[in-house]
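Reviewing the structure listed below.
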Amino acid sequence: MLIILMLVLAVIAYFMIVDIETKEPNNISKALNLKTEYYMDRKIFIITPKEDKDKTDKTILYFHGGAYMAEATKQHWRFIENIVNDTGATVILPDYPLTPKYNYKDVFNMVVPLYKEIEEKIDTSNKLIVMGDSAGGGLSLALLEKISQENDYKLPNKTILISPWLDVRLNNPEINIIQKKDKKLNKEALKISGVAYAGEDGINSYLVNPIEGDLSKINNLTILIGTNDILKPDVYKLQERAKKVNCNIDIKEYENASHIWLIDRDSDDEVIQKGYQDLIQIIK
């Protein structure tokens, strides 16, 4: 445990100096187009099918995971390419600011107006999907909770969260039980990253812990989670809160699946394929 924490602190110290950012992949499927634009001096990647006949009217605003401190991985790029190939959707992948150099305020100063710009160009009631994994799943939900409180914003048609990090404080006692099965995430290491993301005043903010946010206006929310993931208890805690305000959350749980197993592809092939096919059906 001590070695893990020391490694995390060393990584955080490095990230305080270097501005980590997501880079374009070395190669991308020949069937796809990748366009890089800039928004508030941050990269925005737009991935689409190359042929018009393969395109649909779906747009997915995707927030990658990485404990709010790591860029999108090769596994993320492969996952996104597969989604575009299999659905014909356009995926918008923002390179949002990462902690510890930045905190949640910097992130929301970017993603809220970005969402507004996308929303104004797309029929949100039918065509826009917000999706995210791990920390990106928490960011996705927090974004919706924030914009749902303002009349100037329209909510997306669907929201899909994969192994979302809903509470950086990680104080749910059931986490300790699952920790014995979770070979990928360490609660104490994650908490260090969560504190950095929260900054000086955000540790109890719903923008950092969307498990605390207002769910009353959110609908069409689906969460995919594995049983070997320490983030699972908070998914069900969120569902209990949602029931009190008549917000329906469809939870799809996968036996022996690890954290973001659909992306890292590190669980049994059967559970990977089951989760992925479920995801594609939800998108369509």
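These values consider heavy atoms only, across backbone and side chains, with no hydrogens, waters or symmetry-generated copies. No experiment lies behind these values; they were computed from the predicted model shown. We count residues from 1, following the sequence as given.
Formation of a donor-acceptor pair under 3.5 Å by the Tyr96 side chain with backbone atoms of Val107 is not found in this model. When atom types are taken as modelled, the side chain of Ser163 and the backbone of Ile260 share a donor-acceptor pair closer than 3.5 angstrom. Under a 3.5 Å cut-off, the side chain of Lys252 and the backbone N or O of Leu279 do not form any donor-acceptor pair. Although no hydrogens or angles enter the test, the distance criterion places no donor-acceptor pair under 3.5 Å between the side chain of Ser216 and the main chain of Val245. A side-chain donor-acceptor contact under 3.5 Å links Arg78 to the backbone of Ile263.
Between Lys243 and Glu240 there is a salt bridge, since a side-chain N of the basic residue sits under 4.0 Å from a carboxylate O of the acidic one. Ion pairing between Asp106 and Lys101 fails under the 4.0 Å rule for side-chain N and carboxylate O. Ion pair Arg169/Glu212 flagged as a salt bridge, since at least one NZ, NE, NH1 or NH2 atom sits closer than 4.0 Å to an Asp/Glu carboxylate oxygen. Checked for salt-bridge contact, Asp182 and Lys184 miss the test: no charged N lies under 4.0 Å from a carboxylate O.
Applying the 6.0 Å contact sphere to CD of Glu150 captures more than 12 heavy atoms from other residues, nucleotides or ligands. Dense packing is recorded around CD of Gln149, with more than 12 heavy atoms of other residues, nucleotides or ligands lying under 6.0 Å away.
Distance check: Thr48 OG1 to Leu32 CG gives 7.5 Å after rounding to the nearest 0.5 Å. Distance check: Ile83 CD1 to Ile129 CD1 gives 9.5 Å after rounding to the nearest 0.5 Å. To the nearest 0.5 Å, atom CD of residue Gln239 and atom CG of residue Asn248 are 7.5 Å apart.
The minimum heavy-atom distance linking Ile203 with Gly194 is given by the pair CD1-O, 4.5 Å. Ile147 and Lys154 make their closest contact through CD1-O, 4.4 Å (heavy atoms, listed as atom of the first residue, atom of the second, distance). When all heavy atoms are compared, the tightest approach of Ile160 to Ile282 is CD1-CG2, 3.5 Å.
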**Message:** Using the rule given for side chain to side chain donor-acceptor pair (under 3.5 Å), can you reason through Tyr68 versus Asn103, listing the C-alpha separation, both sets of side-chain angles and the distance that settles it, and then say yes or no?
**Reply:** CA-CA 9 Å; Tyr68 295 112; Asn103 62 38; over 6 Å; no

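In this pair, Tyr104 and Tyr197 present their aromatic rings perpendicular. The plane angle is above 60°, beyond the 30 to 60° band.
Among Leu141, Asn209, Asn172, the single residue meeting the side-chain contact (heavy atoms from CB on, under 4.5 Å) criterion with Leu166 is Leu141. For the pairing with Trp165, the side-chain contact (heavy atoms from CB on, under 4.5 Å) check across Leu170, Leu139, Asp234 returns one residue only, Leu170.
Residues Trp261 and Asn228 form no side-chain contact, since every pair of their non-hydrogen atoms from C-beta on lies 4.5 Å or further apart.
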